[in-house]
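Let me begin by presenting the structure, written as structure tokens, before commenting on it.
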Amino acid sequence: VIGQVRRTQLIITNIGAGTLTVTKGDVPAVANNGIILSQNQAYIESDDGGFRCWQGSIQCVASGSLNVTVVETFETP
């Protein structure tokens, strides 16, 4: 479809001292119930080897005040 963009890469990195919980979809994130990232851990997915990067929303919840980096790469058809 003209004008639509598609996510081809997603990187979420917890650079804080606490725990970050990540969930994919519209359901609110719940602490320690999903993809759990401790300090300096990253979650990475991309279009590679037949895998298609997640296109939906991403929800996150932190155990406290954290620094988080998010990198997304998009392409237009």
Side-chain angles (χ1 to χ4, degrees):
V1 177
I2 295 174
Q4 287 190 336
V5 296
R6 198 176 75 70
R7 183 186 293 128
T8 58
Q9 183 178 47
L10 171 67
I11 305 170
I12 301 171
T13 306
N14 175 7
I15 55 175
T19 301
L20 179 70
T21 303
V22 179
T23 58
K24 297 192 281 186
D26 292 328
V27 178
V30 175
N32 300 312
N33 187 12
I35 302 163
I36 301 169
L37 302 176
S38 297
Q39 185 175 17
N40 298 320
Q41 286 187 320
Y43 174 76
I44 302 169
E45 69 174 59
S46 64
D47 287 359
D48 188 30
F51 181 82
R52 301 287 283 190
C53 190
W54 173 256
Q55 298 302 302
S57 62
I58 305 291
Q59 309 292 325
C60 298
V61 64
S63 63
S65 180
L66 292 181
N67 291 320
V68 177
T69 63
V70 177
V71 176
E72 294 179 288
T73 304
F74 295 92
E75 71 176 16
T76 55

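The first residue in the sequence is number 1, and the count goes up from there.
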Are any of the side-chain heavy atoms of I58 and V22 separated by less than 4.5 Å? yes
Does the side chain of Q55 reach to within under 4.5 Å of the side chain of Q4, using non-hydrogen atoms? no
Results of salt bridge (Lys or Arg N to Asp or Glu O under 4.0 Å) for R6 - residues two or more places apart only: D47, E75
Minimal heavy-atom distance between T8 and F74, with the atoms involved, is OG1-N, 4.2 Å
Do N14 and Q41 come close enough that some side-chain heavy atom pair is under 4.5 Å? no
Residue pair A42 / T13: nearest heavy atoms and the distance that separates them: CB-OG1, 3.5 Å
May I ask whether I44 and L66 are part of the same hydrophobic cluster, defined by side-chain heavy atoms of I, L, V, M, F, W, Y residues being less than 4.5 angstrom apart, directly or through others? no
I11 CD1 to Y43 OH distance, which is reported to the nearest 0.5 Å: 11.5 Å
Within a strict 4.5 Å, meaning less than it, do heavy atoms of the I12 and L20 side chains meet? yes
State plainly whether one hydrophobic cluster holds both V70 and L37, where clusters connect Ile, Leu, Val, Met, Phe, Trp and Tyr through side-chain heavy atoms under 4.5 angstrom apart. yes
According to a 4.5 Å side-chain heavy-atom criterion applied to Ile, Leu, Val, Met, Phe, Trp and Tyr, with indirect links allowed, do V68 and I36 form part of one hydrophobic cluster? no
Rounded to the nearest 0.5 Å, what separation is found between the CG atom of D26 and the CD atom of Q59? 6.5 Å
Is it possible for you to say whether V30 and I35 belong to one hydrophobic cluster, with membership spreading through side-chain heavy-atom contacts below 4.5 Å? no
Taking every heavy atom of G56 against every heavy atom of R7, the minimum-distance pair comes out as O-NH1, 3.2 Å
Indicate yes or no for a side-chain donor-acceptor contact from S57 to the backbone of G25 under 3.5 Å, with no hydrogens or angles considered. yes
If you compare all heavy atoms of N32 against all heavy atoms of T21, which two are closest, and at what distance to 0.1 Å? N-OG1, 2.8 Å
